[in-house]
Amino acid sequence: MPAYWLLKTEPGEYSFDQLVVDRRTVWDGVANNLALKYLRNMKVGDKAFIYHTGTERAIVGIAEIISNPYRDPESKDPKRVVVNLKPDRKLPYPVPLSEIKNNKTFKDFDLVKLSRLSVMPVKNVYWHIILGMGGL
DNA sequence: GCCAACGTTGGC
DNA sequence: GCCAACGTTGGC
């Protein structure tokens, strides 16, 4: 069974739309230890929400993990790992952080509790509620 | 632009 | 190994 994740990105740096254009990308730049730990637990076939930080602050789309984690070839630090992604689909309606914060169902969601974490697991139940909120 | 919440660095 | 100082992230 695939696992579910959430990946944050500053859309001015790299957006979900850019992933759609690129067809696939290497998700690099993760330095935080907890985020790296989660990255190392990803497997081919897992799904991830793409969340835009900055002024957007919304979950905008779904990506699929298409490689297992591997050492970042661009980094000298052996702890750094990356995965390859491809776009799955865009959410018909982006799900804003404000809606997630306003819903107490999500009170234990890392997106709310650990605002600086850039890679996090998403519980099965959260995943499906967010899909519904996003129009899927 | 501010600042809370973290993470990192470096002196001791 | 502690912790003060500093840097960064990201929401507001």
Side-chain angles (χ1 to χ4, degrees):
Chain A
M1 203 175 65
Y4 300 123
W5 309 94
L6 182 143
L7 299 170
K8 282 187 186 173
T9 182
E10 170 60 49
E13 298 283 324
Y14 195 85
S15 66
F16 184 78
D17 287 342
Q18 188 61 48
L19 176 60
V20 172
V21 169
D22 291 348
R23 305 301 302 149
R24 58 183 284 149
T25 197
V26 178
W27 202 261
D28 59 8
V30 177
N32 175 275
N33 276 319
L34 182 55
L36 283 168
K37 186 186 126 186
Y38 290 139
L39 257 190
R40 280 187 222 104
N41 286 331
M42 291 185 182
K43 299 181 302 296
V44 174
D46 287 355
K47 297 286 182 72
F49 284 132
I50 302 299
Y51 173 87
H52 283 175
T53 60
T55 55
E56 270 189 65
R57 294 190 299 279
I59 296 169
V60 295
I62 303 167
E64 184 176 333
I65 313 299
I66 55 169
S67 80
N68 286 323
Y70 57 98
R71 242 194 86 167
D72 184 349
E74 303 296 315
S75 174
K76 280 173 285 184
D77 185 347
K79 288 204 304 282
R80 293 266 198 137
V81 295
V82 297
V83 292
N84 296 346
L85 294 185
K86 68 171 186 178
D88 181 349
R89 59 178 309 182
K90 193 168 180 167
L91 292 181
Y93 310 102
V95 178
L97 177 64
S98 57
E99 275 189 35
I100 290 169
K101 285 200 155 181
N102 286 339
N103 185 338
K104 61 179 183 299
T105 305
F106 294 111
K107 68 174 162 40
D108 291 325
F109 192 10
D110 284 348
L111 190 64
V112 175
K113 284 202 308 184
L114 300 173
S115 66
R116 290 180 50 190
L117 187 62
S118 61
V119 178
M120 66 191 73
V122 179
K123 289 201 293 191
N124 218 287
V125 58
Y126 288 169
W127 180 269
H128 289 97
I129 294 169
I130 292 166
L131 281 186
M133 294 165 81
L136 293 178

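Letters A, B, ... are given to chains in the order of the sequence lines, protein chains preceding strands, and every chain is numbered from 1.
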Whole angstrom value for the distance that separates [atom2] of [N] from [atom1] of [X]:
{"X": "A:Lys113", "N": "C:dG10", "atom1": "NZ", "atom2": "P", "value": "18 Å"}
{"X": "A:Lys8", "N": "B:dA5", "atom1": "NZ", "atom2": "C1'", "value": "12 Å"}
{"X": "A:Met120", "N": "B:dC6", "atom1": "CE", "atom2": "C1'", "value": "14 Å"}
{"X": "A:His52", "N": "C:dG10", "atom1": "NE2", "atom2": "P", "value": "13 Å"}
{"X": "A:Leu34", "N": "B:dT8", "atom1": "CG", "atom2": "P", "value": "11 Å"}
{"X": "A:Leu111", "N": "B:dC6", "atom1": "CG", "atom2": "C1'", "value": "16 Å"}
{"X": "A:Arg57", "N": "C:dT9", "atom1": "CZ", "atom2": "C1'", "value": "13 Å"}
{"X": "A:Asp110", "N": "B:dC6", "atom1": "CG", "atom2": "C1'", "value": "14 Å"}

Should A:Lys79 and A:Asp72 count as an ion pair when the cut-off is N to O under 4.0 Å? no
With respect to the side chain of A:Asn32, which nucleotide from C:dG10, B:dC6, B:dG7 is positioned closest?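 Nearest to the side chain of A:Asn32 among the choices is B:dG7.
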Out of B:dT8, C:dG11, C:dT9, which nucleotide sits closest to the side chain of A:Asn33? B:dT8
CZ of A:Arg71: more than 12 outside heavy atoms within 6.0 angstrom? yes
Under 6.0 Å from the OH atom of A:Tyr93, do we count more than 12 heavy atoms belonging to anything else shown? no
Output yes when at least one side-chain N/O atom of A:Tyr51 is less than 4.0 Å from OP1 or OP2 of C:dG11, else no.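 For C:dG11, OP1/OP2 do have a side-chain N/O of A:Tyr51 under 4.0 Å.
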Under a 3.5 Å distance rule, please check whether A:Asn102 uses its side chain to pair with a backbone N or O of A:Ser98 as donor and acceptor. yes
